[in-house]
Amino acid sequence: MSAPSNVNTARRAHPFEVHEKKRKKINWVPYLMIAPSVFIVVAFLFYPIGTVFYYSLFNYDLSAPYYNGFIGLENFKEIFTADKTFLPSLLITLKWVVSQVGLQLVFGMAVALLLNQTFKFRGVFRAAAFIPWAISGVLASVMWSLMYNEHMGVLNDLFMRIGIISESKAWLSDVSTAFGSIVVAELWRGIPFFAITLLAALQSIPNEMYEAAKVDGAGRRKTFFFITLPQLKNTIILTVLLRTIWEFNNVDLIFNLTGGGPAESTTTLTMYIASQAVHGSNFGYGSALTVVSFAILLIFAVVFLKVTKYEKEEAER
Amino acid sequence: MNKTMDRWLTLRLPLAVMLIFTMFPFYWTINTAFKMDGDIVKRPVEYIPTAPTIDNFVIAWSNVGFATYFKNSLIVGVSTVALVLVLSILSGYALSRYKFKGKRAFMVMLLCTQFIPRAMLIIPLFIIFKNLGLISSPLSLIITYAAVEIPFTTVLMSGFISNVPKELEEAAMIDGCNRLQSLRHVVFPLLVPGIVATGVFTLIYTWNEFLLALMLTNQQSKFTLPVGLSYMMGEFNVNYGALAAGSVIALVPAVLLFVYAQKHLVSGLGGAVKG
């Protein structure tokens, strides 16, 4: 890059069009500039993903290495026929993703519309509303567990004062409340993400459109459904897709609040994989589960984009 | 009259509900952190600690190990930010200023990474770093976090660089600067806000990441804050006061960074989502 011969007179005149003019001579500078990034991404993202597919065909157990070796599709056969956790975990994953993404979208939209109005101290309110976005899943787990706790938690006290419940409940270890409890805790952290992206999109809608609607006599509801919503369509589709993938894979809260219990009632597929990876030792089987979850996500993404007719050109703007 | 009613229903009431829901967990964590052991479980609940104490913070910081966790998080975070910034400024510059063969392929590659489920990485990365002998080394986390963040920060950075007019650089070169000099004296100063924003987002990510850190660390002395907190939550006899105090310790830098970078967030994320 610092070679003095590079800085000739022709280059000074048009520093960015060297490649254009001398087609035969390849300019290596941009390749050198992206090389480190390409290396790190390929070596530590793409290569590992590749090995997951490879290991899924193996028995690869750190604690019992004598049985390690190629076993073909045995892992997959076991997942679909013998595994008692796999199928229920799919259903729980569906429940988790649909409730999270659906509720985050609805409440995130409400918050975005709210914060898009003009009022005093708007900046302060916005910062306050977005703060949970910066809080880690583990921190959120601690904070909510301090509230849910049967003995020292504040929720039992509050709810008993209002009269919703009559005696202390163990919110996180009761099968009937565990799932709902982690859904609420994750919503606390997830709504700001939707609110931020939707607010950004709201701000890009030209004001003239609203003025025109007003002149035409459209009320608040009509304005929302005929102007705001269509204008936000692409943002919503892309955010929902990204968020679905993200929540599908998100285990921080489940891992720390319930660990997948009680009675596996909060074990999503990713939670299952994570506990296999952290506690179990058969990486071959874990890899096979990972491949299955990847396939599910891939199919979902393709179908989702087809069904919603996401406009590519506009996305690539 | 009707107008005031309307303002209450569509603005003030929802704002209040939103604020309570968002802020209550913070309030309760701080409240717990300043209470003595006995007061934490006392009924009726003390909504304002009657005898506030900082004992929990002392215990969390020196006895439980939050000083170590904090230091580890800081080492991993700062190193990752440095690595990510250098690499993404380079690749972002290449993307915004050069035309070259394979540029589109590079962009597609960056886009693809956004769809890689993070949980897919825990097993293979564990195997890779085990073979490299880097389990429990901060290096394994720094490399992994950089790999995860670079695609996004490269795109972000190329956007920021594109906003710096090409002509300024050309003028500097005509005046006798070489490319590196013009990068340093002309482009770089104008990039500072973008660099700060990118750095802050990377730092928040490394500060908060849990699953990979859990998988790639197996010595308590190398735990980052999230792993340390999780470990403490899982103990048989949880010291709630110290746990709350530890959370506050982990919370403060993230919140401060966030408040600082918040203004860039709406425009930055909005731009990123739109492509």
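None of these values were measured; they are calculated from a predicted model.
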With a 4.5 angstrom heavy-atom cut-off, is it the side chain or the backbone of [X] that approaches chain A, or both, or neither?
X        : result
B:Ile127 : side chain
B:Leu19  : side chain
B:Thr29  : both
B:Phe210 : both
B:Ile150 : side chain
B:Ile123 : side chain
B:Ser182 : neither
B:Lys130 : side chain
B:Tyr205 : neither
B:Leu211 : both
B:Ile89  : neither
B:Met109 : both

A:Arg243 NZ/CZ over A:Phe193 ring centroid, <6.0 Å and within 45° of normal: yes
A:Phe58 and A:Tyr55 aromatic ring geometry - parallel, tilted or perpendicular at 30°/60° bounds: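 Rings of A:Tyr55 and A:Phe58: perpendicular, as their planes differ by over 60°.
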Mutual orientation of the aromatic rings belonging to B:Tyr27 and B:Tyr47 [parallel < 30°, tilted 30-60°, perpendicular > 60°]: parallel
B:Met107 CE: over 12 foreign heavy atoms closer than 6.0 Å: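 No, CE of B:Met107 has 12 or fewer neighbouring heavy atoms, counting only those of other groups under 6.0 Å.
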More than 12 heavy atoms from other groups under 6.0 Å of OH on A:Tyr47: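 No, not enclosed.
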Segment of A:Tyr148 engaging chain B (4.5 angstrom heavy-atom cut-off):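 No part of it gets close to chain B.
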Under 4.5 Å from a heavy atom of chain B, the part of A:Phe248 involved: neither
Residue-level contacts of residues 287-295 of chain A with chain B, using a heavy-atom cutoff under 4.5 Å: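 The stretch touches chain B at A:Ser287, A:Thr290, A:Phe294.
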Residue selection (most heavy-atom pairs with chain A, distance under 4.5 Å) from B:Ser230, B:Pro151, B:Ala244: B:Ser230
